[in-house]
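Accompanying notes for the structure given below.
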Amino acid sequence: METLRWVNLLALLGLIVLGVAWEVWLAPLPGGSGGALALKVLPLTLALSGVLRHRLYTCRWLSLLVWLYFTEGVVRAAGDTGLSRQLAFIEVALSVVLFVGCAVYVRLRLRVLPPKLKGGGKAGAGHA
């Protein structure tokens with residue numbers, strides 16, 4: 001489980017660093033709005049503390065959020081050329097790794113949590 005947490009953390013940090021470096025230094029879009037586009041990684045930074053603290057809820061919403069970055073990577077891989085296209089493929093790969101890592105983490109964590117009692121948590125509710 002600890003290895004999985006590190007995989008998730010490294011993929012998350014990779015997406016954050018890639019997003020900022022891509023828009024600011026490596027292959028900014030023409031027009032000079034790269035600094036503003038680098039803010040796209042802000043939602044990912046909100047997940048850092050939750051991943052570090054083994055928060056199940058964070059991995060759940062992060063596994064949904066990461067599809068936005070996957071989609072951006074696919075669109076830019078199809079439309080961009082040169083370095084920007086290569087960075088898009090890296091973004092797609094990191095997004096897939098993060099999604100799979102979060103999904104497996106959630107599944108493993110749910111196996112060890114005790115099941116909730118039926119009937120709203122009241123013992124014996126609905127039983128005669």
Side-chain angles (χ1 to χ4, degrees):
M1 188 85 79
E2 189 66 24
T3 303
L4 194 54
R5 183 178 74 121
W6 281 105
V7 167
N8 290 342
L9 184 62
L10 290 175
L12 179 61
L13 287 172
L15 275 175
I16 292 169
V17 170
L18 175 69
V20 172
W22 187 353
E23 302 299 348
V24 176
W25 300 292
L26 297 175
L29 289 175
S33 61
L37 288 176
L39 293 176
K40 70 183 179 186
V41 300
L42 189 59
L44 292 174
T45 61
L46 299 175
L48 279 173
S49 67
V51 171
L52 286 170
R53 295 179 182 163
H54 295 277
R55 301 283 166 103
L56 181 62
Y57 182 74
T58 301
C59 279
R60 283 179 166 176
W61 65 258
L62 184 57
S63 69
L64 298 175
L65 175 70
V66 75
W67 287 110
L68 294 173
Y69 299 91
F70 173 84
T71 304
E72 182 205 17
V74 168
V75 168
R76 290 184 77 172
D80 290 359
T81 58
L83 179 61
S84 186
R85 184 178 206 172
Q86 294 170 354
L87 296 172
F89 284 122
I90 294 170
E91 182 176 38
V92 168
L94 286 171
S95 298
V96 170
V97 168
L98 185 56
F99 171 77
V100 170
C102 283
V104 171
Y105 183 82
V106 168
R107 187 172 181 107
L108 291 175
R109 283 283 307 271
L110 289 178
R111 281 188 185 168
V112 298
L113 291 176
K116 291 184 178 179
L117 296 173
K118 292 184 179 181
K122 296 178 184 175
H127 298 288

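Numbering of residues begins at 1 and proceeds along the displayed sequence.
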Under the side chain to side chain contact (heavy atoms under 4.5 Å, CB included) test, which residues partner Leu13, sequence neighbours left out?
-> Leu9, Leu48
Please list, chain by chain and in numerical order, all residues satisfying side-chain hydrogen bond (donor to acceptor under 3.5 Å, both in side chains) with Ser84, sequence neighbours excluded.
-> Trp22, Asp80
Joint cluster assignment, Leu18 & Leu83, ILVMFWY side-chain distance < 4.5 Å = yes
Check whether Leu68 and Val75 end up in the same hydrophobic cluster, where Ile, Leu, Val, Met, Phe, Trp and Tyr are linked by side-chain heavy atoms less than 4.5 Å apart.
-> no
Output all residues satisfying salt bridge (Lys or Arg N to Asp or Glu O under 4.0 Å) with Arg109, sequence neighbours left out; order by chain, then residue number.
-> none
Side chain of Arg5, backbone of Leu52: donor and acceptor closer than 3.5 Å?
-> yes
Contacts table for residues 88-101: side-chain donor-acceptor under 3.5 angstrom, sequence neighbours left out:
unit_1	atom_1	unit_2	atom_2	d
Glu91	OE1	Gly73	N	3.3
Ser95	OG	Phe70	N	3.4
Ser95	OG	Glu91	O	2.8

CH2-CE distance between Trp6 and Met1, expressed to the nearest 0.5 angstrom | 16.0 Å
Indicate if Leu10 and Leu4 have the same hydrophobic cluster label, given that clusters are the connected sets of ILVMFWY residues with side-chain heavy-atom separations under 4.5 angstrom.
-> no
Counterpart residues, ring pair (Phe, Tyr, Trp, His ring centres under 6.0 Å), relative to Tyr69 (two or more places apart) | none
With sequence neighbours excluded, what pairs up with Glu72 under the side-chain hydrogen bond (donor to acceptor under 3.5 Å, both in side chains) test?
-> Lys40, Arg76
Single-linkage hydrophobic cluster Val51~Tyr57, side-chain heavy atoms < 4.5 angstrom = yes
Pairwise side-chain contact, Leu110 with Arg60, heavy-atom cut-off 4.5 Å (strictly under) = yes
Between Leu15 and Trp25, is there a shared hydrophobic cluster once you connect ILVMFWY residues whose side-chain heavy atoms come closer than 4.5 Å?
-> yes
Audit row: Asn8, Cys59, side chain to side chain contact (heavy atoms under 4.5 Å, CB included) steps and yes/no = CA-CA 9 Å; Asn8 290 342; Cys59 279; 4.3 Å; yes
